[in-house]
Amino acid sequence: MQSPPDSVFDPVVLRLGRGRTMTLGPRARLMGILNVTPDSFSDGGQHADARTAVDAALAMIGEGADIIDIGGESTRPGAASVSAIEEQRRIMPVIEALGGREDVLISVDTWRAETARVALAAGAHMINDVWGLQREAEMAQVAADAGAAVAIMHTGRERECLPDLIEDQFHWFAASLDHARKAGIADDQILLDPGFGFAKDADDNLHLMAWFAELHALGLPLLAGTSRKRFIGGLTGREAADRDVGTVATSVALRLAGAAMFRVHNVAFNKDGLAVADAMVQSSREKEPGHG
């Protein structure tokens with residue numbers, strides 16, 4: 001395992017859409033997951049109507065979420081694809097209801113450029129693309145035109161991966177960042193997500209956690225999305241809805257490895273765990289070992 005460079009905990013401003021910003025580094029940031037879907041792996045159907053979804057978003061903000069990630073298509077393995085029209089039918093009433101609020105930042109979880117475009121126009125501040133700007137060529141330009149931030153995720157789905165897991169991360173992100181920069185997305189608008197669970201088995205996910213700090217060589221803040229993933233269930237023996245304690249353990253480990261933001265279902269649990277991790281980081285930066 002490799003320790004993160006101390007500088008990853010220094011303040012860095014992430015520029016979001018609509019003139020908003022967020023400071024990363026000294027304190028872990030939380031992205032609350034809001035799936036407006038009937039079939040997501042742990043919370044499908046819980047936010048089926050816009051009012052329930054809006055209430056859930058505001059509850060997560062109250063618990064400490066810094067941004068809400070709204071998605072209208074399940075990305076679990078084997079999930080049925082939906083049309084762009086259906087995806088937008090699910091998410092747009094929620095984004096429109098939240099978009100004018102000063103106390104809410106919105107990320108839209110989509111790989112479709114047209115969905116991203118209408119979501120950003122309605123009030124979203126970030127695009128979270130599980131295909132890393134590589135599935136639809138227009139996506140990077142949509143983000144750039146709106147001045148939005150992007151969370152660029154690594155995936156191993158539907159492609160040949162390099163044998164070395166970490167090397168493949170660098171290979172994938174090189175292509176994604178090329179798309180982003182050519183479109184005019186600046187580095188201070190980008191988060192990188194190593195894509196826990198996306199065509200990665202349990203051993204892969206544990207290896208990625210153990211060597212997570214190597215990804216700081218990319219020079220950009222990192223987003224971790226382990227929440228309730230299958231590998232946590234394999235380690236704990238728990239079903240998806242009961243994996244929040246295991247999720248907190250991964251969040252703390254990844255915070256100590258330098259992750260800046262955490263995409264989670266249970267905001268309150270992760271906020272508490274990450275407060276402990278942040279205190280450990282702060283203490284290590286203030287005192288030399290062996291000195292009280």
Side-chain angles (χ1 to χ4, degrees), residues 1-16 21-31 66-67 69 107 109 111 126-135 139-141 143-144 148-157 159-200 204-226 250-251 253-263 274 277 281 285:
M1 295 178 65
Q2 184 184 46
S3 297
D6 193 59
S7 60
V8 301
F9 302 111
D10 292 339
V12 173
V13 175
L14 177 69
R15 285 198 296 125
L16 302 155
T21 62
M22 182 188 301
T23 300
L24 306 175
R27 179 171 71 83
R29 294 292 188 170
L30 288 162
M31 174 184 279
D66 297 287
I67 189 167
D69 192 41
S107 167
D109 180 1
W111 53 267
M126 175 189 287
I127 296 167
N128 179 19
D129 185 353
V130 299
W131 286 93
L133 309 181
Q134 295 191 46
R135 186 153 181 177
M139 182 63 97
Q141 197 60 57
V150 292
I152 297 172
M153 200 192 79
H154 174 281
T155 186
R157 293 180 181 176
R159 69 183 187 90
E160 290 293 322
C161 297
L162 299 177
D164 184 272
L165 182 67
I166 301 301
E167 185 179 352
D168 192 70
Q169 293 270 328
F170 283 89
H171 174 74
W172 174 265
F173 284 132
S176 293
L177 290 170
D178 184 59
H179 290 311
R181 289 161 177 162
K182 284 180 177 176
I185 301 172
D187 283 4
D188 64 355
Q189 296 172 290
I190 299 173
L191 286 163
L192 300 180
D193 178 350
F196 287 97
F198 280 74
K200 300 171 183 72
D204 290 336
N205 287 307
L206 290 172
H207 182 79
L208 187 53
M209 282 189 63
W211 296 100
F212 184 87
E214 290 199 5
L215 301 179
H216 293 302
L218 291 160
L220 293 166
L222 301 176
L223 167 66
T226 59
T250 65
S251 295
L254 291 167
R255 178 58 177 162
L256 298 179
M261 186 179 290
F262 299 82
R263 185 177 182 272
L274 288 166
V281 168
R285 286 163 62 86

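This chain uses plain numbering: 1 for the first residue, then up along the sequence.
Among all heavy-atom pairs drawn from E167 and L162, the shortest one is CG-CD1, 3.8 Å.
M139 CE to I185 CD1: the interatomic distance, rounded to the nearest 0.5 Å, is 9.5 Å. In this structure, D193 CG and S176 OG are separated by 11.0 Å, a value rounded to the nearest 0.5 Å. From L191, atom CG reaches atom CD1 of I127 across 12.5 Å, with rounding to the nearest 0.5 Å. Atoms CG and CG, from L14 and L24 in turn, are 5.0 Å apart once rounded to the nearest 0.5 Å. Atom CG of L16 sits about 5.5 Å away from atom CE of M22, to the nearest 0.5 Å. Between the CG atom of D168 and the CZ atom of R159 there is a distance of 4.0 Å, given to the nearest 0.5 Å.
A salt bridge links R27 with D66: at least one charged nitrogen is closer than 4.0 Å to a carboxylate oxygen.
D188 places no side-chain N or O within donor-acceptor distance of the main-chain N or O of R15, the cut-off being under 3.5 Å. The closest donor-acceptor contact from the side chain of E214 to the backbone of Q2 lies at 3.5 Å or more, if one exists at all.
Side-chain contact between D109 and V130 is present, with at least one heavy-atom pair separated by less than 4.5 Å. Within the 4.5 Å cutoff, side-chain heavy atoms of L177 are placed close to those of L220.
Relative ring orientation between F196 and F212 is described as parallel, the plane-to-plane angle staying below 30° on a 0-90° scale split at 30° and 60°.
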Could you give me the CA-CA distance, side-chain angles and deciding distance for R29 and L274, then say whether side chain to side chain contact (heavy atoms under 4.5 Å, CB included) is met? CA-CA 9 Å; R29 294 292 188 170; L274 288 166; over 6 Å; no
